[in-house]
Participant: 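Dropping the structure in here first, questions after.
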Amino acid sequence: HGLEHERASVFKQRTGRIPAGAGASDDPRDVLRAPADVLLLSGRGPSLGLDDLPALQARVVVDLTSAVSPDVERALRAQGVAFVPALIATAGPLIAADQERTVGLDDADAARARIRRETGRLLARAQALSAAQGLSMTEAVVGLGLRALCGAPAPAPAPVARPR
């Protein structure tokens, strides 16, 4: 909002980044101190580390990088921060592709509803497995996927307490 495309493009070509607004910082880690509900991790380079967690204000971290270590995931859980691994956060296109293959994508509302339903179900199953076996969320999702590939039954989901 309020960003002039031509000036922003010239700035990006010159500096390699998009200009930031008021209160911006040259240190990208300053975003951890922002009073936000959700932090989306994206881009390249170092991801969230254990030393970053004391400054973290967000209550939910959504990983789009697949670069968060299991130790950081466990530390986030211990801190009461919900973590959504990249395997779940980026599952929408895979679910949409399956929807298109099986029944078509003529009904966009139905496709969105299926994406919400399937990712929610996967998140709940991964949370239950993570809590039951002390796994990181990413490890739990991978474990569920491997079980499915091998035809093994997934563990029954246990009730999961959701952070408020």
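Position 1 is the first residue of the sequence; numbering continues from there. Heavy-atom basis, side chains included; hydrogens, waters and symmetry copies ignored.
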Participant: Measure the CG-CG distance between L48 and L56 for me, rounded to the nearest 0.5 Å.
Facilitator: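 Answer for the CG-CG pair, L48 versus L56, is 6.5 Å.
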Participant: Looking only at heavy atoms, what is the nearest atom pair of L135 and R77, with distance?
Facilitator: O-NH1, 2.9 Å
Participant: Quick check for you: to the nearest 0.5 Å, what is the distance between L122 atom CG and Q127 atom CD?
Facilitator: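 The CD atom of Q127 is 10.0 Å from CG of L122, to the nearest 0.5 Å.
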Participant: Indicate whether the side chain of S69 and that of D71 have a donor and an acceptor atom separated by less than 3.5 Å.
Facilitator: no
Participant: Rounded to the nearest 0.5 Å, how far apart are CG of D63 and OG of S42?
Facilitator: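 So the gap between those two atoms works out to 9.5 Å.
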Participant: About how many Å separate CG of L129 and CZ of R147, when rounded to the nearest 0.5 Å?
Facilitator: 5.5 Å
Participant: Do the non-hydrogen side-chain atoms of F83 and V62 ever get within less than 4.5 Å of each other?
Facilitator: no
Participant: Between E139 and S130, is there a side-chain donor-acceptor contact under 3.5 Å, judged purely by atom types and distance?
Facilitator: no
Participant: For residues I88 and A126, report the shortest heavy-atom separation together with the two atoms involved.
Facilitator: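 In terms of heavy atoms, the two residues are closest at CD1-CB, 4.3 Å.
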Participant: Taking the side chain as every heavy atom from C-beta outward, state whether V60 and D37 have any atom pair closer than 4.5 Å.
Facilitator: no
Participant: Judged by atom type as modelled, is there a donor-acceptor pair below 3.5 Å linking the side chain of E73 to the main-chain atoms of M137?
Facilitator: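 Yes: the side chain of E73 pairs with the backbone of M137.
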Participant: For A58 versus V38, what's the shortest heavy-atom pair and its separation?
Facilitator: CB-C, 4.1 Å
Participant: About how many Å separate CG of L94 and CD1 of I115, when rounded to the nearest 0.5 Å?
Facilitator: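 Output value for this atom pair is 9.5 Å.
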Participant: Taking all non-hydrogen atoms of both residues into account, name the closest pair between D52 and G49 and its distance.
Facilitator: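 Closest pair (atom of D52, atom of G49, distance): OD2-N, 2.8 Å.
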Participant: Does the side chain of V81 come within less than 4.5 Å of L53's, by heavy atoms?
Facilitator: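 No, their side chains stay 4.5 Å or more apart.
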Participant: Over all heavy atoms of both residues, which pair between V141 and P85 is shortest? Give the atoms and the distance, please.
Facilitator: CG2-CG, 4.0 Å
Participant: Are T90 and L64 packed together at the side-chain level, in the sense that at least one heavy-atom pair is separated by less than 4.5 angstrom?
Facilitator: yes
Participant: How close do A91 and T119 get, heavy atom to heavy atom, and via which atoms?
Facilitator: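 Where A91 meets T119 most closely, the heavy atoms are CB-CG2, 4.1 Å.
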Participant: Is there a side-chain contact between L40 and V61 in this structure, where contact means two heavy atoms from C-beta onward sitting under 4.5 Å apart?
Facilitator: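 Not in contact.
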Participant: Between atom CG of D107 and atom CZ of R114, what is the distance when rounded to the nearest 0.5 Å?
Facilitator: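 It comes to 13.0 Å.
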